[in-house]
Amino acid sequence: MAEITLTLPDGSSRTVADGTTGGELAAAIGPGLAKAALVAEVDGRAVDLAAPLHDGDKVRFLTDRDGESLEHLRHSTAHVLAQAVLSLWPGATFAGGPPIEDGFYYDFELPGGATFSEDDLGRIDAAMRRIIDADQPFERFELPVDQARTLMAEHPYKRAFMDRAEEGDESEGEVGGGATVSFYRNGDGFVDMCRGPHVPSTGRLGHFALMRVAGAYFRGSEHNPMLQRIYGTAWATRKDLAAHLHRLEEAAKRDHRRLAAELDLVSWPDVLGPGLAVWHPKGAIVRKVMEDYSRARHQHGGYEFVFSPHIARSTLWETSGHLGFYAESMYPPMELDGATYYPKPMNCPFHLTVFRSRQRSYRELPLRLFELGAVYRYELSGAVHGLLRSRGFTQDDSHIFCTREQVPQELASLLAFVLDVLGAFGFEEFQAKLSTKPHEKFVGDDEYWDLATEGLRAALEAAGLEYTVDDGGGAFYGPKIDVDLKDAIGRSWQLSTIQLDFNMADRFDLEYIAPDGTRRRPVMIHRALFGSVERFFGVLLEHFAGAFPTWLAPVQARVLPVASAHAGYAAEVADLLVSRGYRVDVVDADESLGNRIRKAKAEKLPYVLVVGDDDVAHRTVGVNARGNTVERDVALLAFADRVEAEVAPFRDV
RNA sequence: GCCCGGGUAGCUCAGUCGGUAGAGCAAUUCACUCGUAAUGAAUAGGUCAGGAGUUCGAUUCUCCUCCCGGGCUCCA
């Protein structure tokens, strides 16, 4: 057998037998070059460690801290999970088991429609660790499709993956297209159909934890059978695993539902029903400040305010199309005086009726209507999630009516406006997505779609915003830009959206009189900035972990007299600050100073003002700011100016 | 809606192998009047989510319903 020379990343070269696998090489190199090497890369492409290497291959070993290598480690751990489950549940079959962010999952179907319970995770975990301790090598082999089908005779979901691959769709990742199908075998004959690659052997694994059991529809469609999914997390080292688990604990502390209770902001009384919240005074004042700021910005930005009722006759929803398409998400109707009324799931139709209330001229366009409109949607019970997904919520809803020619300019200024306001709330990192014309089922001509899509794209680029393109992901009535933000545990939530609508103006027969006297159809743009005030508040709460910036904080400063003798001066300090428009309270010396400070810190107040003898004598305050910097003898008026500087930009827009 | 898990004091939780319950914090009262993250004592607070069943007896076992959490689906 010919010998080949491989160039290693440190510049050295190594001579090995032709056909040596990456895994053998990794083992041979040992602890020196790549102590924890888990996967090799040849010519910039990840290769299977079981695949043979050939002369001239430039091999780079990725360390186990590399994301890509972690992916293989997680995928291999998923295999071990499947191996364990199939050995513990004879007759079980399996579907897909990919690596995901932070870990992996695998989908199973148990005999007789049995389900996993969380108690099963312990013995699955134990079985997995036995496989890992045995350090079984992963061996790759390939079979022609017909033999592959025979091998997977007992596993219909695997065969379904093959069907999809044979049709040329490789999106499911389990198996590549082509004449052969690849498999991995390890240990006691466990075989999984898999594209690979894997770590060399199971002994490389072990820093994992099974997290939870969930139902999951095959291929994500509710028309398919529901499989039993097990989620796990897997890392290269014990330390990384511990750090991840610690991050999860920390994230749980930022959960907006937990903070809402701890900070006395919002609650969800059972008597109201799922997905319905009440706002307590401290939550409500934050919301009011948010809404006031939003209104001020909108007024400044050329919007006109409108109001609309919470219910409307069915005729409106028939005209808008909601009853036809979305009736199951609407709250059920009320029959009254021979008419049928529905609670509104959207504000759009009302704004259309405002436009249509009289004849409109091109001189009025763009006409920007704005409303903080409460809507009700009957979300699936399993989807309700605190303030982030509720059944009653308030959209900061805007509908802009303009001419075709005005679309590009209007979109650019809209997006700039959206990003500027998001920035004011401290959001700088978000994910933007441009969704284009659906491949099937859409309304409007191509010229319209191109104009609108390019308008959106130009707006994104003018804003210097990175974005992804969801090809065909637009609504049937027009393309859109969505802006998503992540919550404390990394789940994305859609906040802002800008949508072109080629449909609604037709349905409501909107017209304006053009300069030449003809009647023209205006273009309609839907735009929500917060998305929903409730959701935005929830994401904001998690973003700041409850420590709102001064302009938003429910209590901006608390005055603590050192002893009751200082209560008079404390009240004076508070009165002065309140008279200047700040939210300030006083807590008397019924408890020790230390305890009152501790409580104020737990409430995450921006400022705690301690006043004692010295302060009474010199009209000063002791300032304990968030972060625990303590300054003594600050002149009262100087402190007031400091607050003013923080708050003014959000009041005087 | 579907799969898994949960619901004990305002909050965080313990407990009862079936004999109607406890802690810490919070609340209330009293005392303490204190210079930067827990002063002390006392008091009050629970249909053990709701309903049905089994039982002499159910918070505990069984079933149903409601609600909450994590996923899946959905999100106009």
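Note that this is a predicted model, so its numbers are computed, not measured. Proteins get letters first, then strands, A, B, ... in listed order; numbering begins at 1 in each.
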(Q) Nearest to the side chain of A:Arg598, heavy atoms from C-beta on, is which of B:rA37, B:rU73, B:rC34? (A) B:rA37

Q.
Base, sugar-phosphate or nothing for A:Gly622? Non-hydrogen atoms, less than 4.0 Å.
A. base

Q: Could you tell me whether A:Lys253 and A:Glu249 make a salt bridge, using a distance below 4.0 angstrom between a side-chain N and a carboxylate O?
A: no

Q: Measure from the side-chain heavy atoms of A:Thr115 and tell me the nearest of B:rG70, B:rG35, B:rC3.
A: B:rC3

Q.
Given B:rC34, B:rC3, B:rU73, identify the nucleotide with an atom nearest to the side chain of A:Leu380.
A. B:rU73

Q. From the list B:rC4, B:rG35, B:rA76, which nucleotide is the closest neighbour of the side chain of A:Tyr477?
A. B:rA76

Q) Is B:rU28 paired to anything, Watson-Crick or G-U wobble with both distances less than 3.5 Å, and if yes, which nucleotide? A) B:rA42

Q. Under 3.5 Å, is there an N or O donor on one side and an acceptor on the other linking the side chain of A:Tyr217 and the base of B:rG1?
A. yes

Q.
How many whole angstroms separate atom CG of A:Leu265 from atom C1' of B:rC11?
A. 15 Å

Q | Ionic contact status for A:Glu118 with A:Arg212, cut-off 4.0 Å | A | no

Q. How close or far is atom P of B:rA41 from atom CD of A:Glu591, stated in whole angstroms?
A. 15 Å

Q: Indicate yes or no: does A:Lys282 engage A:Asp264 in a salt bridge with an N to O separation below 4.0 Å.
A: no

Q. Side chain of A:Arg389, base of B:rC74: donor and acceptor closer than 3.5 Å?
A. yes

Q) Who is the Watson-Crick or G-U wobble partner of B:rG69, with both distances under 3.5 Å? A) B:rC4

Q) With a cut-off of 6.0 Å (strictly less than), are more than 12 heavy atoms of other residues, nucleotides or ligands near CZ of A:Arg313? A) no

Q.
If I take atom OH in residue A:Tyr331 and atom P in nucleotide B:rC75, what distance separates them, rounded to the nearest angstrom?
A. 17 Å

Q. If you measure from the P atom in B:rU28 to the same atom in B:rU20, how many Å do you get, rounded?
A. 33 Å

Q: Could you pick out which residue, A:Lys480 or A:Val562, lies toward the 5' side of RNA chain B when each is mapped onto its nearest nucleotide?
A: A:Val562

Q: Return yes if the base of B:rA76 and the side-chain atoms of A:Arg377 contain a donor-acceptor N/O pair under 3.5 Å, otherwise no.
A: yes

(Q) Taking any heavy-atom pair under 4.0 Å as a contact, classify A:Asn624: base, sugar-phosphate, or nothing. (A) base

Q. When the distance from CG of A:Asp590 to P of B:rA41 is rounded to whole Å, what number comes out?
A. 18 Å

Q) How would you label the contact of A:Arg229 with the nucleic acid (heavy atoms, under 4.0 Å): base, sugar-phosphate, or nothing? A) sugar-phosphate

Q | A:Asp255 CG to B:rU12 P, straight-line distance once rounded to whole Å | A | 12 Å

Q.
So, under a plain 3.5 Å distance rule, would you say the side chain of A:Ser592 forms a donor-acceptor pair with the base of B:rU39?
A. no

Q.
Using whole Å, what does the distance between atom C1' of nucleotide B:rG69 and atom CH2 of A:Trp268 come to?
A. 13 Å

Q) In whole angstrom, what separates A:Ile597's CD1 from B:rU33's P? A) 19 Å

Q. Ion pair present between A:Asp509 and A:Arg521, side-chain N to carboxylate O less than 4.0 angstrom?
A. yes

Q. So what's B:rC48 paired with, Watson-Crick or G-U wobble, going by both distances under 3.5 Å?
A. none

Q: Check every atom of B:rU39, B:rC3, B:rA37 against the side chain of A:Asn595 and return the nucleotide holding the closest atom.
A: B:rU39

Q.
Counting distance alone, no hydrogens or angles: does the base of B:rA37 have a donor or acceptor under 3.5 Å from a partner atom on the side chain of A:Asn628?
A. yes

**Q.** Which nucleotide in B:rA27, B:rC3, B:rU36 has an atom nearest any side-chain atom of A:Val630
**A.** B:rU36

Q) Looking at the side chain of A:Ala589, which of B:rC67, B:rG5, B:rU33 is the nearest nucleotide? A) B:rU33

Q) Between A:Leu609 and A:Met330, who's closer to the 5' end of RNA chain B by nearest nucleotide? A) A:Leu609

Q.
For A:Arg632, is there an ion pair with A:Asp614 - N to carboxylate O distance below 4.0 angstrom?
A. yes

Q) Does any donor-acceptor pair link the side chain of A:Asp615 with the base of B:rG35 at a separation under 3.5 Å? A) yes

